Chemist: 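The structure under discussion is supplied below as structure tokens; questions concerning it will follow.
In each ligand, atom 1 is the first atom listed, and ligand 1 is the first ligand listed. Computed from a predicted structure; not experimentally measured.
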Amino acid sequence: MKRRRAALILFLLYMILLLVSCSKPDSGKEVKNPEEGEKIRIGMSFDSFVIERWQRDRDVFVSTAKELGAEVNVQNANGNIEEQKKQIEYFIQKGMDVIVIICIDSDDLKEQVQKAKEAGIKIIAYDRLIVDADVDLYITFDNEKVGTMMGDALVGAGISGGNVLMLGGSATDNNVSLVERGFKKVMQENDVTILDSIHAEGWKAEVAGDYIYDHMDVVKQADAIMCGNDDIASEAVHALAEWKMAGSILVVGQDADLAACQRIVEGTQVMTVYKSVEKLAQRAAECAVMLAKDEHIEGEDVASINNGNYEIPYVGLEPISVNEENINEVIIGSGFHLKEDVYLNVPGKMPE
Ligand code: GAL
């Protein structure tokens, strides 16, 4: 009798162990399931909120994640990579299920990513690639295409055979080299001379303004200025205006900031690139929840990309080139900005 009872207890123990082991994914962390009331916890570390678009990325990501049963802890590193590392370490200590990173330096977070992975935490590189690190997803727009669009817009405005000045974004942002690769290819194909090329450290747009004030000899030779983003374009056009040159030199940028859209309808910026941060943030939030539940990320937009040492899942969304011809359809039609805001300074040009 005793022997049978002991055998039964051993069998029950074995079954319990078997059940417990099959609920643990290969990541070793408990699989969360919002339906059962267990909150998925996501940590999100932003480079900064100085640039207009990131506030929109944040708001859409948080609201989408909440709808999907997750809570998001948002941190702002204010452009400081050491601060961003501390934030990631904090999220690891707190046992987040997923950490989403808008990295300040694409090449300086390997160690933090490794620690997170060892703790069974999933990592999403949001909009900017983290190189040589085992991230679970890199989701962004086609950055090389952004550069190609900038180049094509200048060619369309007649720059072939002319001169261009490049006031690029932060050299530590992997996106910048991709944008510039696409842009330079178009410039080369159209015999455009690159007079100079600088990078705004930490995306600090004032670097561009200072350059123009200090290098007016070079600026006066330029037929166009390629700006790494619309924040830099704002500084560039402001500086040009002080020399009464705004509108006489072609300017391109990206992000479809409101100020850039205003410049486009006012004639002091040729184009910007609209990147639907709504779509990016929603898709990223959906993927974050799937990763937290140890689900496989699937979809027609899912590919893979090599980030140095790893082949990682990649989702690349399509950017849209915006100029005076399509700004109403793309920017106002999508609700990205209101027509009253875009045409604030030229109400006579505002569409019905
Ligand atoms: C880059 C991004 C650009 C722009 C920039 C900051 O990483 O690709 O779209 O947002 O950051 O303005």
Chemist: Taking only Lys NZ, Arg NE, NH1 and NH2, and the carboxylate oxygens of Asp or Glu, determine whether K293 and E295 approach each other closer than 4.0 Å.
Modeler: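 Salt bridge between K293 and E295, a charged N being under 4.0 Å from a carboxylate O: yes.
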Chemist: When you pair each N or O of ligand 1 with protein N or O atoms, which pairs come out under 3.5 Å?
Modeler:
{"residue": "ligand 1", "atom": "7 (O)", "partner": "R128", "partner atom": "NE", "Å": "2.7"}
{"residue": "ligand 1", "atom": "7 (O)", "partner": "D173", "partner atom": "OD2", "Å": "2.5"}
{"residue": "ligand 1", "atom": "7 (O)", "partner": "N175", "partner atom": "ND2", "Å": "3.1"}
{"residue": "ligand 1", "atom": "8 (O)", "partner": "D127", "partner atom": "OD2", "Å": "3.4"}
{"residue": "ligand 1", "atom": "8 (O)", "partner": "N175", "partner atom": "ND2", "Å": "2.8"}
{"residue": "ligand 1", "atom": "8 (O)", "partner": "K275", "partner atom": "NZ", "Å": "3.3"}
{"residue": "ligand 1", "atom": "9 (O)", "partner": "R53", "partner atom": "NH1", "Å": "3.2"}
{"residue": "ligand 1", "atom": "9 (O)", "partner": "Q254", "partner atom": "OE1", "Å": "3.3"}
{"residue": "ligand 1", "atom": "9 (O)", "partner": "D255", "partner atom": "OD1", "Å": "2.8"}
{"residue": "ligand 1", "atom": "9 (O)", "partner": "K275", "partner atom": "NZ", "Å": "2.5"}
{"residue": "ligand 1", "atom": "10 (O)", "partner": "R53", "partner atom": "NH1", "Å": "3.2"}
{"residue": "ligand 1", "atom": "10 (O)", "partner": "D255", "partner atom": "OD1", "Å": "3.2"}
{"residue": "ligand 1", "atom": "10 (O)", "partner": "D255", "partner atom": "OD2", "Å": "3.2"}
{"residue": "ligand 1", "atom": "11 (O)", "partner": "R128", "partner atom": "NH2", "Å": "2.9"}
{"residue": "ligand 1", "atom": "12 (O)", "partner": "N229", "partner atom": "ND2", "Å": "2.7"}
{"residue": "ligand 1", "atom": "12 (O)", "partner": "D255", "partner atom": "OD2", "Å": "2.9"}

Chemist: Looking just at side-chain N and O atoms, do Y314 and N307 make a donor-acceptor pair shorter than 3.5 Å?
Modeler: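 Short answer, no.
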Chemist: Please tell me whether L154 and V179 are part of a single hydrophobic cluster in this structure, the criterion being side-chain heavy atoms less than 4.5 Å apart.
Modeler: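 Both belong to a single hydrophobic cluster.
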Chemist: Answer with yes or no whether the side chains of D196 and Y211 bring together a donor and an acceptor at under 3.5 Å.
Modeler: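 Yes, because at least one side-chain N or O of Y211 sits under 3.5 Å from a partner of the opposite role on D196.
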Chemist: Are D47 and D173 packed together at the side-chain level, in the sense that at least one heavy-atom pair is separated by less than 4.5 angstrom?
Modeler: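 Not touching, per the 4.5 Å side-chain cut-off.
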Chemist: Honestly curious: do I332 and I320 fall in one hydrophobic cluster under the side-chain, below-4.5 Å linking rule?
Modeler: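 The answer is yes; both residues are in one hydrophobic cluster.
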